[in-house]
Amino acid sequence: MGTNSIKSNLTKETIISEIKLLSGTKNNEDKVYIIVEGEDDIKFFKKFLKANVIIYESFSGKKGVEEIINSKEIHNSRVIGIIDRDYSEKSKDNRIFFYDRCCMEMMLIGFDEVFECIYHEFYNGEIEVKELRNHILKELYKLSRIRKYNEKYIKGINFKGLSFNNIINYENKIDEEKFIESIRKINPNKSLDFIEKIEKLNNIEIDELLNITNGHDFIYFFKALCNKTIKNKGIKYKEISSVLRVAFNNKLLKSTKLYLNINNYFENKNTIWNFDK
């Protein structure tokens, strides 16, 4: 991988101008340009990049990726975007691809061997590995449904400031009253009556929970449980997310829908690409 394969800290206009310039020259006819949401996406893809792939960090998350891809100046089949699915049914553009599951983090956590890495590295409690992942997914169900409702109906609910340390009880479960109280406190001027109507978890498959759970919620919940079992040291979010990325390898990448969808896209365009080929 060359040092020029990663492009970050650029404005939307600079990214568009650079791609337009590069894609218009003969020496770069084989180049593929990938736009991603943020720094963690850059870190995730770094080890998989080959010489003809240039990856850019968006100027403003998912919205930035979409705006760059939709630019008429670089409406080119070799320019693609990769974003979190969150709760979208399908992509707005055939050149924008979703991570598997709800987001990048949940795509990684969905693989047993990857989750086992953060389990053995950070967790020192009594819950077995598969049981712990399932426990966190189930405990986050109500929050996940609120997030999904919020995105679908554009309610503008704020989740920043929600601390799992304050709402997890001695049984390692979410105290529902404290949870709802915390959400209301963060959103004092929002109508949150719909929360009471969300049905309780009932025979939902773990696979579906992986699809609706926010990756940041999962990692912060996991972190809170880990920090209950250690002394004199606080595990950090970035440490956990870093181990997740490091544990993910080429073989796992090639088994994802993300990889297969991008590969099929370029095959249909008769384009040779070397992204982890």
Side-chain angles (χ1 to χ4, degrees), residues 84 86-87 101-106 108-110 115-116 118-241 243-244:
D84 291 339
D86 293 324
Y87 305 103
R101 309 300 185 183
C102 188
C103 57
M104 179 188 72
E105 290 82 5
M106 293 313 301
L108 307 186
I109 290 165
F115 179 72
E116 286 170 7
I118 63 169
Y119 175 90
H120 293 299
E121 180 70 19
F122 300 110
Y123 184 69
N124 195 35
E126 298 179 354
I127 306 176
E128 293 297 324
V129 56
K130 287 188 177 180
E131 183 185 349
L132 180 63
R133 182 173 62 183
N134 293 352
H135 171 78
I136 295 173
L137 291 169
K138 290 175 181 178
E139 286 300 305
L140 288 172
Y141 174 73
K142 192 152 193 171
L143 175 56
S144 300
R145 289 293 307 276
I146 293 171
R147 282 188 178 276
K148 184 175 182 178
Y149 185 95
N150 181 56
E151 181 166 317
K152 183 177 181 179
Y153 295 104
I154 317 176
K155 291 293 184 179
I157 298 170
N158 181 23
F159 298 94
K160 291 181 179 179
L162 179 65
S163 172
F164 290 110
N165 293 325
N166 298 329
I167 61 176
I168 295 177
N169 63 24
Y170 67 95
E171 295 180 321
N172 295 323
K173 294 182 177 182
I174 290 179
D175 184 305
E176 189 161 316
E177 287 188 8
K178 289 183 178 180
F179 163 63
I180 294 175
E181 180 183 343
S182 295
I183 291 290
R184 292 190 185 281
K185 188 175 181 179
I186 298 170
N187 299 273
N189 300 316
K190 296 285 184 181
S191 174
L192 301 173
D193 293 342
F194 70 91
I195 292 178
E196 307 296 340
K197 299 177 183 178
I198 293 176
E199 69 273 17
K200 293 185 180 297
L201 180 64
N202 184 26
N203 297 325
I204 188 169
E205 297 291 332
I206 295 300
D207 191 69
E208 179 57 25
L209 289 175
L210 287 165
N211 290 334
I212 67 170
T213 303
N214 177 280
H216 300 303
D217 291 339
F218 187 99
I219 294 175
Y220 276 118
F221 194 110
F222 175 78
K223 181 173 81 78
L225 295 185
C226 290
N227 283 332
K228 289 178 67 175
T229 65
I230 61 177
K231 296 180 180 179
N232 302 323
K233 182 184 177 184
I235 297 169
K236 296 178 180 179
Y237 178 98
K238 287 187 176 182
E239 294 175 319
I240 298 170
S241 59
V243 172
L244 282 174

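- With sequence neighbours left out, Arg184 forms a side chain to side chain donor-acceptor pair (under 3.5 Å) with no residue at all.
- Atom CD1 in Ile195 sits 4.0 Å away from atom CD1 in Ile146 (nearest 0.5 Å).
- Between the side chain of Glu208 and the backbone N or O of Glu205 there is no donor-acceptor pair closer than 3.5 Å.
- Exactly one residue among Leu143, Leu225, Asn227 makes a side chain to side chain contact (heavy atoms under 4.5 Å, CB included) with Phe164. That residue is Leu143.
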Going by atom type alone, with no hydrogens or angles, which donor-acceptor pairs under 3.5 Å involve a side-chain atom of residues 170-180 and a protein atom two or more places apart or on another chain?
residue : atom : partner : partner atom : Å
Asn172  : OD1  : Lys228  : NZ           : 2.8
Asp175  : OD1  : Glu177  : N            : 3.1
Asp175  : OD1  : Lys178  : N            : 3.1
Glu176  : OE2  : Lys142  : NZ           : 2.9

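- With rounding to the nearest 0.5 angstrom, the CZ atom of Phe222 is 8.0 Å from the CG atom of Leu244.
- With values rounded to the nearest 0.5 angstrom, Leu210 atom CG is found 5.0 Å from Met106 atom CE.
- Within the 3.5 Å criterion, the main-chain N or O of Met104 finds a donor-acceptor partner in the side chain of Asp84.
- A search for side chain to side chain donor-acceptor pair (under 3.5 Å) contacts involving Arg101 returns Asp207, Asn211, not counting sequence neighbours.
- A distance-only check finds no donor-acceptor pair linking the side chain of Asn158 to the backbone of Asn187 [under 3.5 Å].
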Using residues 212-220 as the side-chain source, report each donor-acceptor pair under 3.5 Å to any protein atom, sequence neighbours left out, with the distance given to one decimal.
residue : atom : partner : partner atom : Å
Thr213  : OG1  : Leu209  : O            : 2.5
Asn214  : OD1  : His216  : N            : 2.8
Asn214  : OD1  : Asp217  : N            : 3.0
His216  : ND1  : Tyr237  : OH           : 2.3
Asp217  : OD1  : Arg147  : NH2          : 3.0
Asp217  : OD2  : Arg147  : NE           : 2.6

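- Contacts of Ser191 classified as side-chain contact (heavy atoms from CB on, under 4.5 Å), with partners at least two apart in sequence or in another chain: Asp193.
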Enumerate, atom names and distances included, each donor-acceptor pair closer than 3.5 Å involving a side-chain atom of residues 123-132, sequence neighbours excluded.
residue : atom : partner : partner atom : Å
Tyr123  : OH   : Glu126  : N            : 3.3
Tyr123  : OH   : Ile127  : N            : 3.3

Show which side-chain atoms of residues 149-157 pair as donor or acceptor with protein atoms under 3.5 Å away, not counting sequence neighbours.
residue : atom : partner : partner atom : Å
Asn150  : OD1  : Gly156  : N            : 3.1
Asn150  : OD1  : Ile157  : N            : 2.8

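- From Ile109, atom CD1 reaches atom SG of Cys103 across 7.5 Å, with rounding to the nearest 0.5 Å.
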